[in-house]
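All chains are named by letter (A, B, ...) in the order of the sequence lines, taking the proteins before the strands, and each is independently numbered beginning at 1.
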Amino acid sequence: MYKYQSVKKLQNHLLMIKFNKILFQPGELVIDNVLHCGQAFRWVFHEDLRQYSASLNVGGKYRIVVVKQGKDNCIEYGTLDTIEEDVLRSFVESYFRLEVPLLDLFAKDWALRDSRLKSKAPLGVRILAQDPWETLVSFICSSNNNISRITKMCHALSSNYGDKLGVYNGVEHCSFPSSAQLLERASESELRTLGFGYRAKYIMGTAQKMQELAKGMLSDTPLLENWKKTLNYEQIRENFMGFPGVGPKVADCVCLSGMRLDHVVPVDVHIARIAQRDYRFVSRKRDLFQLQDMYKDMPITRRKINYELDSIRIMFKELWGDYAGWIQGIVFAQEIGKTLGATQEGTISKRKLEIEVKVEEKVGTEVVAMEIKRRITESVQS
DNA sequence: AAACAACCTTCCCA
DNA sequence: ATGGGAAGGTTGT
């Protein structure tokens, strides 16, 4: 009897969350695809509610945010927190970069620049505006690693070393730890016992380096945001590669998904394969010399860069333009397919799901949607 | 500058 | 069932 009541109470509590909507064109944003394409690792999927929840840095403070895909071309968002409605709304808009017109850019710019894209659909895949410090640490975890374990590691960081924020639908949410909190609460050996492997040293080293850079002043996200005000992309990347465990790929991921540098194309093994297989990329001596000259005053970049991969990045930047990183996100998602997510029990299961196709309205016929789906399945298998 | 082994752990697949 | 290989790389030689 009591049990039943408490369950009832819990459900009522859930219902008390007020969801608000943000409307957009059909296909502008497909949450399932965006949150599973390997740029965000701490969203929890609630299968029963068809909702996602996470703790996110909203204006300098981590808060629980809940989102779900609405029925008619919209996202619904809510929170347990006491945030003013317009603050949360503008946060969600900027987190999903809704000011960027994905479909327009795709049709009127990207597909014209690159005829290979004409046969593809953006599938609502967007680049997020994530917290820079969390993005930096998350992608340090990503090196030579699979998404399943990266997800576990990011959750382990917040639940072990972050601040408790509250429970949503049975899932406890914690903030992502600051560099100071990591230094205070974590250690390399403990991280190793938590399964971080050799990345344990990188994470503690990066937290340490961040504290040194801050010199007691601004640190973490505010410090990294300041880089954007005074430095160009190459300088920002040079700075990021000053952290241990951060090479060109990780630095570029943080630039794109944490610093909103939309033209940056992180070149991993898959993008390199696509460049050679689909775009007939061959490195040219002249380009490599040019790059060496460009980086002559950047010692860290010179030490860590792979010139061949960097010239792939530049090829795509020149082909795809100011939003090259967004196109990379779309191409990558189609190459890899959707992989996994966290369920409400906290268990993370590998499940090779097809990318959901929700572009029927836009494209028109179901035949086209089927064709896209078939192509994705093909690319996942290969 | 470029190539290559080593690196932690987990998951997948033969 | 059991073992090699890969996973959105980085580091040191």
Does A/Y202 get its side chain close enough to the base of C/dG9, under 3.5 Å, for a donor-acceptor pair? no
Applying a 4.0 Å non-hydrogen cut-off, can you work out what A/R199 is touching in the nucleic acid: base, sugar-phosphate, or nothing? base
In this structure, how many angstroms lie between the P atom of B/dC8 and the CG atom of A/L191, rounded? 13 Å
Atom CD of A/E238 and atom CG of A/N232: how far apart are they, to the nearest 0.5 Å? 10.5 Å
A/K152 has its side chain closest, among C/dG8, B/dC11, B/dC7, to B/dC11
Scanning all shown strands, the Watson-Crick or wobble mate of B/dC7 with both distances under 3.5 Å is C/dG9
Can you confirm if the NZ or CZ of A/K68 lies within 45° of the ring axis of A/F19 and under 6.0 Å from the centre of its six-membered ring? yes
Regarding A/G245, tell me which of base, sugar-phosphate or nothing describes its non-hydrogen contacts under 4.0 Å with the strands shown. sugar-phosphate
Give the nucleotide from the list B/dC8, C/dG9, C/dG8 with an atom nearest to the side chain of A/V250. C/dG9
Contact class for A/F139 (heavy atom, under 4.0 Å): base, sugar-phosphate, or nothing? nothing
With a cut-off of 6.0 Å (strictly less than), are more than 12 heavy atoms of other residues, nucleotides or ligands near CZ of A/R113? yes
Check every strand shown and say whether A/I140 touches a base, only sugar-phosphate, or nothing at a heavy-atom separation below 4.0 Å. nothing
Distance test, side-chain N/O of A/K304 to OP1/OP2 of C/dG9, below 4.0 Å: no
Using only heavy-atom distances, decide whether a donor-acceptor pair under 3.5 angstrom links the side-chain of A/R149 to the base of B/dC11. no
A/N144 CG to C/dG8 P, in whole Å, measures 10 Å
Interatomic distance where CG belongs to A/N146 and P belongs to B/dC7 [whole Å]: 19 Å
With rounding to the closest Å, how many angstrom separate the C1' atoms on B/dA5 and C/dG5? 16 Å
Of the candidates B/dA1, B/dA2, B/dC7, the side chain of A/R302 sits closest to B/dA1
Would you say A/E28's side chain and A/G124's backbone share a donor-acceptor pair under 3.5 angstrom? no
Taking the minimum atom-to-atom distance to the side chain of A/Y307, which one of C/dG8, B/dA2, B/dC7 wins? B/dA2
Can you figure out which of C/dG8, B/dC8, B/dA1 approaches the side chain of A/Q292 most closely? B/dA1
When rounded to the nearest Å, what value does the distance between P atoms of C/dG8 and B/dA2 take? 26 Å
B/dC4 to C/dA6 separation - P atoms, rounded to the nearest Å: 16 Å
Could you tell me the separation between the CZ atom of A/R303 and the P atom of C/dG9, rounded to a whole number of Å? 20 Å
Between CG of A/N145 and P of C/dT10 the distance, given in whole Å, is 12 Å
Using whole Å, report how far CG of A/N306 lies from P of B/dA3. 8 Å
Which part of the nucleic acid, if any, lies within contact of A/P266, taking any heavy atom under 4.0 Å across all strands shown: a base, the sugar-phosphate backbone alone, or nothing? base
Just one of A/F243, A/W133, A/F41 clears the ring-ring contact (aromatic ring centres under 6.0 Å, His included) bar with A/F139, so which one? A/F41
Taking the P atom in each of B/dC8 and C/dT13, what is the distance between them to the nearest angstrom? 14 Å
What is the distance, rounded to the nearest whole Å, between atom CZ of A/F240 and atom C1' of C/dT10? 17 Å
Would you say whether A/F332 stacks on C/dG8? The test is a distance between ring centres of less than 5.5 Å and an angle between planes of less than 30°. yes
So, do A/R303 and A/Y295 sit near enough that their side-chain heavy atoms are less than 4.5 Å apart? no
5' priority, DNA chain C, between A/V246 and A/I271 [closest heavy atom]: A/I271
With a distance cut-off below 6.0 Å to the six-membered ring centre and an angular limit of 45° from the axis, does A/R126 pair with A/F96 as a cation-pi contact? no
In whole Å, I'd like the distance from the CD1 atom of A/I305 to the C1' atom of B/dA3. 17 Å
